Amino acid sequence: MTARPMEAASDAATTLAVGGERQVPIPDAIARDYILLGLRLDQHIPALVDAYFGPADLKAQVDMGQLYSPARLADEADALLALLPTDVADAQRRDWLAAQLVALRAHASGLAGGELPYLDQVTQSFAWTPVRRDDAIFDAAAAELDDLLPGREPLADRLAAWDARFEIAVDRLPGVVDWLVDRFRPTAANLFGLPNGEDLRVSLVTDKPWSGYNWYDGGLRSRVDINTDLPIRAADLVDTIAHETYPGHHLEHAWKEADLVDHQRRLEASIVFLNTPECLISEGLAVLGVEFAAPPAHEADLLVELFERAGLAIAANPGAARDAAERTVAMTGLRRRLAESRVNAALIRHADGASHDETLAYLQRVGRYPPRLAQKILEFVEQPLSRTYIFVYHEGEALLRRWLEVVPAEERPARFGRLLHEQLTPTAVAAELGAADTQPTGDVAAPSAGT
């Protein structure tokens, strides 16, 4: 690690970005070494870097240079952590970098033989410890769903039969997706603004462990993939599109590129990692984004129109379509609660040592998932990167929902907008909750330069 001057206002110098079509600011020394650390760690953990749209010369330097050992990378992370108090003047930026570096150090140390117990690894990855849910919570949600969807069959079968009525044919998906994007974009523009020139395109894919994915390319551009391995029902598509586009991942990445990278010259924001604290914030805001894109009070109207555009049989009966849309909205929160069984599934699989089959049975019994969907969820839980990533959706949503709800409803769009522009960490959000005398959902693990 070379010596460097303290953080100072940079000049207007720029350099070529990856892709060779645009310029980005030249990073300061801290951001430069943070980027190099991340790109080198990605050589050992493929796909740890989820997006990189920073200087091309740094990527070339890593690609053409020698492979750094995990132990050396852990030392590099420690050295950067030690420099933050003197080299980074802005407190929010300093705390964000510290949280990220603690996570990267944990990943490098694990490769070097210092692997942590599963729950400790999760805590250091996200600066947040997931909370195991009481199974009684799932049983209570299931009981309410029983009332909304009565019948003699097991609830999992009734839910599967209900969902089958709202499956969208693959050949109808492109038109429905375009309609949703065109609807959510102006809503996001009105609430949060859009950076000039942002754009995205959506494609259908198969053979993936996720339902949707945003590939951010930089230059305010995203590629969004929608996975058609499993049937896509109307309500899930609404969530997925808001999550991946507006005001979810695409808008977050585009605003942070425009604001943090281009305007504030914080080039550390030009590299996006999986399994770091930024993910818990990013996934939490993306989950909550649908409530701004399609507010609950208007969601039934949206679904009724979606049924028609998707060519669903129920659309031929306006009364039945309205009843189905309203029941779908009523079930949303309850089904989201059942989905938190995924948190427990990851803990019993990786922390408690339950077998694959035991965990699969748990998802079907407690989460009320049909076998095929339970298997797809478990596939995600067991993948090397997503075995820890699984927590960020529910833990991020829970943390940020509490943070949003401490202010009046009319102030929440502006508060949500902070997530699109600022370098906030789970620790910082929890601290703001603490200042508001609100108890956060999980246990905070503050970043530390120590072991």
Side-chain angles (χ1 to χ4, degrees), residues 1-5 15 17-18 26-88 93-127 266-280 350-351 382-389 392 425 445-451:
M1 187 72 62
T2 57
R4 74 203 64 223
T15 186
V18 289
I26 293 176
D28 65 15
I30 285 284
R32 178 198 66 210
D33 286 351
Y34 173 82
I35 290 169
L36 290 171
L37 170 66
L39 292 174
R40 286 168 175 148
L41 189 54
D42 186 71
Q43 293 179 317
H44 294 276
I45 309 175
L48 178 68
V49 173
D50 190 49
Y52 179 61
F53 45 95
D57 62 335
L58 297 184
K59 181 71 164 63
Q61 180 179 336
V62 171
D63 290 345
M64 301 299 291
Q66 65 177 6
L67 184 70
Y68 281 33
S69 71
R72 180 173 177 179
L73 293 174
D75 289 342
E76 292 277 335
D78 271 329
L80 271 172
L81 279 163
L83 288 168
L84 294 181
T86 56
D87 285 23
V88 180
R93 183 189 185 206
R94 183 172 60 246
D95 292 345
W96 185 90
L97 280 164
Q100 292 289 112
L101 285 166
V102 166
L104 297 179
R105 181 184 62 187
H107 299 320
S109 295
L111 292 173
E115 187 173 357
L116 295 166
Y118 177 70
L119 198 54
D120 292 341
Q121 179 72 30
V122 172
T123 298
Q124 291 206 22
S125 293
F126 303 117
R266 298 184 181 185
L267 268 292
E268 66 272 11
S270 69
I271 187 167
V272 180
F273 296 102
L274 299 182
N275 289 332
T276 57
E278 66 180 328
C279 297
L280 192 134
H350 300 302
E382 291 179 335
Q383 284 200 337
L385 283 174
S386 53
R387 69 194 294 269
T388 48
Y389 199 82
V392 295
T425 65
S448 168
T451 56

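Predicted, not measured: the structure shown is a model, and the values here were computed from it.
- Closest non-hydrogen pair, Pro70 versus His44, comes out as CD-CE1, 3.6 Å.
- At a threshold of 4.5 Å between non-hydrogen side-chain atoms, the residues Phe273 and Ile271 count as touching.
- Evaluation of the side-chain contact (heavy atoms from CB on, under 4.5 Å) rule for Arg94 yields Leu84, Val88, Ala91 as partners, not counting sequence neighbours.
- Within the 4.5 Å cutoff, the side chain of Ser270 has heavy atoms near those of the Leu267 side chain.
- By the side-chain contact (heavy atoms from CB on, under 4.5 Å) test, Glu115 pairs with no residue at all, sequence neighbours left out.
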**OP:** Kindly determine whether Asn275 and Ser125 satisfy side chain to side chain donor-acceptor pair (under 3.5 Å), including the steps that lead there.
**Re:** CA-CA 6 Å; Asn275 289 332; Ser125 293; 5.6 Å; no

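- Using a 4.5 Å heavy-atom cutoff, the side chains of Leu104 and Leu48 are in contact.
- Within the structure, side-chain hydrogen bond (donor to acceptor under 3.5 Å, both in side chains) contacts touching residues 49-59 (residues at least two apart or in different chains) are Asp50-Tyr213, Lys59-Asp63.
- Applying the ring pair (Phe, Tyr, Trp, His ring centres under 6.0 Å) test to Tyr389 and every residue at least two apart in sequence or in another chain returns Tyr393.
- For Glu278, there are no salt bridge (Lys or Arg N to Asp or Glu O under 4.0 Å) partners two or more places apart in sequence or in a different chain.
- Inter-residue side-chain proximity for Arg32 and Glu268 is flagged as unmet; no heavy-atom pair is nearer than 4.5 Å.
- Taking all atoms of both residues into account, the shortest heavy-atom contact from Pro55 to Pro27 is CG-CD, 3.8 Å.
- The CG atom of Leu58 lies 9.0 Å from the CZ atom of Arg40; values are rounded to the nearest 0.5 Å.
- Counting only N and O atoms by type, the side chains of His107 and Gln124 include no donor and acceptor under 3.5 Å apart.
- The line from CG of Leu73 to CZ of Arg105 is 13.5 Å long, rounded to the nearest 0.5 Å.
- Residues Leu81 and Asp78 have side chains in contact (heavy-atom distance under 4.5 Å, counting atoms from C-beta outward).
- In this structure, CG in Leu37 is found 10.5 Å from CD1 in Ile35, a value given to the nearest 0.5 Å.
- Side-chain contact between Tyr68 and Gln43 is absent, with no heavy atoms from C-beta onward closer than 4.5 Å.
- The OH atom of Tyr34 sits 15.5 Å away from atom CG of Leu83, with the distance rounded to the nearest 0.5 Å.
- Looking at Leu116 and Ser109, their side chains never come closer than 4.5 Å, going by heavy atoms from C-beta outward.
- Proximity of Leu97 to Ile30: side-chain heavy atoms (C-beta onward) are separated by under 4.5 Å at one or more points.
- Interatomic distance, Thr388 OG1 to Tyr118 OH, rounded to the nearest 0.5 Å: 6.5 Å.
- Taken to the nearest 0.5 Å, the CD atom of Glu76 stands 8.5 Å off from the CG atom of Leu36.
- With sequence neighbours excluded, the residues that form a side-chain contact (heavy atoms from CB on, under 4.5 Å) with Ala47 are Leu385.
- Defined by atom type and a distance below 3.5 Å, a donor-acceptor pair is missing between the side-chain atoms of Thr425 and Asp95.
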